[in-house]
Amino acid sequence: MGKAKIIHDDSWMSSLSNVLSGFLYDFTSDGNYNLGKLKHSDVVVDGKHYKVMSKLLVSGRMFECFRLTLEDDSENDTELVLRRMTELFKRQHPECSGLLAHEYELYKEMNLSHNDGLIDIVDYIPEEEVVLSKLVPGLSLDRFVEQNPEYYFKRRTTIKMLKQLIKTVDFLHKKGLCHFNISPENILVKMTEEHDIMLLNIGLAAAYNKGVRFAPFLTNGLPPEMTNAEPLDKQTDIFEIGQIIKYIINVRKKDPTRASNHLKMIAMKCTKRKREERYSNVREILKDIEVWEHKYDNFFDGK
């Protein structure tokens, strides 16, 4: 840990810019486009210098992400993402201090690197409390739907996406980790014709391991056990997979020929309020997806 480092430019021009950035951060709605001190910094990884280019759209209330590009464009075949907690979130949730460090430790300890369904974490810089990851071009699932309003999740693509998601979650479960934040914001649709998907991080596994109660800062549609402060387990991830399937179903409904009773049945079983009525593991979901893959559907009218 900590091989990478950030070198700040402390010139008077940089200081003035930082003051102005801080002023704008405090007096704008959420500071979404504030690069702050990062704008005048080098990020050094394996002896190579990266520049902070822009803020990425995958940023949210909890984290903000920045695209890093090699200073020498002639060899710019690798881009990185710098992720840190937002200042507002850190003030609101001081109990989350150190979670990025623990996420990096879990990632390395559990040997999660080079999995096709997970973004590869490169390093953690403790002095700055930031994680560095490989940049994979694409859009989060919610942004993908927003920017592709006529895309209705073709059957073949839907099956492939769900298989990829389920296999990645199964990989985490076999490692003894649960994600606990499988949401459209955390699923990356890669910028390819095949629309492959990846999970952007290992979710709230680090928070759960540290005993942080994270339900208050999550969105609506949570599994009942989260809102009731009950212990969480693999069935919690299964509920969230069901929510993703419902999300896809709602988009598919815009084209009635894409509506699927079988897919709806899978989503309903995933999201049963009682955990014992859900699938017992994600491999069972995969089997039902494969059944759908090899059968003709009875379409409903999508109402």
Which atom pairs, one a donor and one an acceptor, fall under 3.5 Å between side chains of residues 108-119 and the rest of the protein, sequence neighbours left out?
unit_1, atom_1, unit_2, atom_2, d
Asn115, OD1, Gly117, N, 2.7

Do Asn201 and Tyr107 have a side chain donor and acceptor closer than 3.5 Å?
no
I'd like to check the ring pair (Phe, Tyr, Trp, His ring centres under 6.0 Å) partners of His102; sequence neighbours left out, ordered by chain and number.
none
So, Ser140 versus Glu185: side-chain donor-acceptor pair below 3.5 Å or not?
no
Looking at Asp46 and Lys3, is there a salt bridge between them, counting it only when a charged N and a carboxylate O are closer than 4.0 Å?
no
Could you tell me which non-hydrogen atom of Pro223 sits nearest to which non-hydrogen atom of Thr236, and how far apart they are?
CG-CG2, 3.8 Å
Quick check: Tyr151 with Phe144 (ring centres under 6.0 Å apart)?
yes
Who passes salt bridge (charged side-chain N to carboxylate O under 4.0 Å, His left out) against Lys134, sequence neighbours left out?
Asp120
Examine distances only and state if a side-chain atom of Arg252 and a backbone atom of Phe153 form a donor-acceptor pair shorter than 3.5 Å.
yes
For a quick check under 3.5 Å, do Lys90 and Ser97 share a side-chain donor-acceptor pair by atom type?
no
Please assess Glu64 against Thr86 for the test side-chain hydrogen bond (donor to acceptor under 3.5 Å, both in side chains), listing each intermediate value before the final yes or no.
CA-CA 6 Å; Glu64 54 187 357; Thr86 66; over 6 Å; no
Would Arg273 and Glu230 satisfy salt bridge (Lys or Arg N to Asp or Glu O under 4.0 Å), going step by step from the backbone distance to the final call?
CA-CA 13 Å; Arg273 290 194 64 79; Glu230 298 171 6; over 6 Å; no
If you measure from the Lys or Arg side-chain nitrogens to the Asp or Glu carboxylate oxygens, is any gap between Lys5 and Asp42 under 4.0 Å?
no
